[in-house]
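Have a look at the structure below, then the notes.
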Amino acid sequence: MSQPAFAVWMAATQQRVEAALGRHLPPADSTPARLHDAMRYAALGGGKRVRPLLAFAAGELTGAPAERLETVACAVELIHAYSLVHDDLPCMDDDVLRRGRPTCHIEFDEPTALLVGDSLQTLAFELLASQPFAAPQQQLEMVALLARASGSRGMAGGQAIDLASVGRPLEQPELELMHALKTGALIRAAVLLGALAGDALAATERNALDRFAKRAGLLFQVVDDILDCTASTATLGKTAGKDEAAAKPTYVALLGLERARDYAAELRAEALAALAIFGARADRLTALADYICHRSF
Ligand code: GRG
């Protein structure tokens, strides 16, 4: 797929997701207005929308209808937005800048930010469960998949390992587990949910897609670690250099910058190899893996 064609698709999909999120989030002036205003602040007007893009691209493998993909993409993005709001709280990463703007608890206040995270999370499940958009069994499977990816055996569990490991050097397998849960689980869920929104895949295809999703999730994190120590705060829209300052275990800390870059290239190659079985149907997923690998923020 040509770079301009991919860029056009990406911008159109990002706009579509932004508009859909805007419709699904409660109006800012509806009661309780401060909470709803803060939810919209946290979820709208920023972010690369990587997870929705992955869901849409994976849906192309199974012929998933765009309206279903929109629902799935919004649900995953709401979980992501919740995780960022909670991650930025003083009791977690304690950050003041996100997506180039004050973090939710700075713009509003801590109790509101806590409720914003809770409410974005529950809205995600409300969305995924309330419209009958797939066969009931398929829809239940999707709800369970997103719940597991978000909870203590997924993203929240990865965050717990992260909090417990600050200042303690981790070996690569431990680091990999932490990131597979903290960042990887939701990225994997985005890919699998996108595919599940369409026709069933053969077992070999589903395994190949899962391999892609896991490699892409890890790639995302390795690049995130590299960017944290090479890009500026202005470019990232969040505080740069925090990992090192907080003595966080990262791929750069473990491998050094050059080997972390080599590892990213290796993961990209493995992700692309996993897609070979799909041929041209996976062109957009391939382009997204490249985007994740070469992104600048
Ligand atoms: C609080 C339960 C809970 C979990 C938090 C996701 C997470 C776990 C913390 C975020 C901290 C962080 C910087 C993780 C590294 C990878 C990551 C998720 C980066 C932010 O995601 P992007 O780059 O953000 O997709 P945008 O703003 O583009 O949506």
Side-chain angles (χ1 to χ4, degrees), residues 10 13-14 17-18 21 41-55 73-74 76-101 103-105 110 113-118 120-122 124 146-166 175 178-190 216-229 231 233 235-246 248-252 264 288 291-297:
M10 190 164 150
T13 307
Q14 287 165 330
V17 170
E18 179 80 13
L21 285 170
Y41 178 85
L44 299 175
K48 299 178 287 296
R49 312 298 191 199
V50 166
R51 295 149 194 84
L53 289 165
L54 284 165
C74 286
V76 175
E77 189 66 8
L78 288 168
I79 297 282
H80 171 60
Y82 126 69
S83 79
L84 297 182
V85 171
H86 279 192
D87 184 64
D88 289 332
L89 285 169
C91 63
M92 298 246 184
D93 238 20
D94 192 10
D95 218 324
V96 295
L97 193 67
R98 171 71 63 186
R99 296 174 170 172
R101 298 187 301 184
T103 47
C104 190
H105 67 277
E110 269 183 61
L114 194 70
L115 293 174
V116 163
D118 295 341
L120 292 175
Q121 177 171 208
T122 46
L146 186 61
R148 190 174 174 118
S150 310
S152 64
R153 289 164 295 175
M155 184 179 71
Q159 180 79 344
I161 298 175
D162 188 352
L163 291 172
S165 62
V166 173
L175 191 64
M178 176 179 96
H179 289 312
L181 298 178
K182 189 178 108 168
T183 318
L186 197 59
I187 288 181
R188 175 172 176 257
L218 207 48
L219 171 63
F220 184 92
Q221 184 60 54
V222 175
V223 173
D224 209 73
D225 287 356
I226 293 171
L227 288 174
D228 184 72
C229 69
T233 296
T235 304
L236 293 178
K238 61 183 180 181
T239 315
K242 276 208 83 174
D243 292 342
E244 195 181 351
K248 285 235 173 174
T250 68
Y251 284 96
V252 175
L288 271 172
Y291 167 73
I292 288 171
C293 188
H294 301 302
R295 69 199 167 97
S296 54
F297 64 96

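Counting starts at 1 for both ligands and their atoms, in listed order.
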Check your understanding: Taking distance alone, with no angle check, do R99 and ligand 1 share an N/O pair under 3.5 Å?
Key -> yes
Practice item. Answer side chain, backbone, both or neither: which part of V50 comes under 4.0 Å from ligand 1, heavy atoms only. Key: neither
**Study point:** Distance-only polar pair, side chains of D95 and T239, donor-acceptor under 3.5 Å
**Key:** yes
Exercise for review: Using atom types as modelled and distance alone, determine if a side-chain donor or acceptor of R51 lies under 3.5 Å from a backbone N or O of A189.
Suggested key: no
Practice item. Look only at the side chain of R101 and the backbone of G45, and say whether a donor-acceptor pair between them is shorter than 3.5 Å. Key: no
Exercise for review: Show your working on side-chain contact (heavy atoms from CB on, under 4.5 Å) between R49 and T13 and close with a plain yes or no.
Suggested key: CA-CA 9 Å; R49 312 298 191 199; T13 307; over 6 Å; no
Check your understanding: K238: heavy atom below 4.0 Å from ligand 1, yes or no?
Key -> yes
Point to revise | Which residue and heavy atom of the protein sit nearest atom 17 (C) of ligand 1, plus the separation | key: F220 CE2, 3.9 Å
**Study point:** Any donor-acceptor N/O pair, D228 side chain to D243 backbone, under 3.5 Å
**Key:** yes
Point to revise | Sub-4.0 Å atoms of ligand 1 with respect to non-hydrogen atoms of K182 | key: 8 (C), 14 (C)
Point to revise | Nearest option to atom 11 (C) of ligand 1, as decided by whichever heavy atom of V223, T250, D87 sits closest | key: D87
Review point. Taking the six-membered ring of F297, is NZ or CZ of R99 closer than 6.0 Å to its centre and within 45° of its axis?
Key: no
Practice item. Report the member of H80, M92, Q159, K248 with the shortest heavy-atom distance to atom 8 (C) of ligand 1. Key: Q159
Check your understanding: Among all protein non-hydrogen atoms, which one is nearest to atom 2 (C) of ligand 1, and what is the separation to 0.1 Å?
Key -> Y82 OH, 3.4 Å
Check your understanding: For ligand 1, which atoms sit closer than 4.0 Å to a heavy atom of G47?
Key -> 26 (P), 27 (O), 28 (O), 29 (O)
Point to revise | I226 vs V252, side-chain contact (heavy atoms from CB on, under 4.5 Å): CA-CA, chis, key distance, verdict | key: CA-CA 6 Å; I226 293 171; V252 175; 4.1 Å; yes
Review point. Using heavy atoms and a threshold below 4.0 Å, how should the contact between F297 and ligand 1 be classified: side chain, backbone, both, or neither?
Key: neither
Practice item. Just let me know how R51 lines up against ligand 1, side chain, backbone, both or neither, with a heavy-atom cut-off below 4.0 Å. Key: side chain
Point to revise | Contact atoms of ligand 1, heavy-atom distance to T183 under 4.0 Å | key: 16 (C)
Review point. Quick one: nearest non-hydrogen protein atom to atom 22 (P) of ligand 1, plus distance?
Key: K48 NZ, 3.5 Å
**Study point:** Side-chain donor or acceptor of D88 paired with backbone N/O of T103 under 3.5 Å
**Key:** no
**Study point:** For L186, the option from L146, V50, L54 that meets side-chain contact (heavy atoms from CB on, under 4.5 Å)
**Key:** L146
Review point. Which of the atoms of ligand 1 are close to H86, meaning less than 4.0 Å from one of its heavy atoms?
Key: 1 (C)
Exercise for review: Name the option, out of I292, D225, D224, L181, that contains the heavy atom nearest to atom 15 (C) of ligand 1.
Suggested key: D224
Review point. Counting only N and O atoms by type, is there a donor-acceptor contact under 3.5 Å from the side chain of Q14 to the main-chain atoms of K48?
Key: yes
Point to revise | Contact atoms of ligand 1, heavy-atom distance to S83 under 4.0 Å | key: 1 (C), 4 (C), 5 (C), 6 (C)
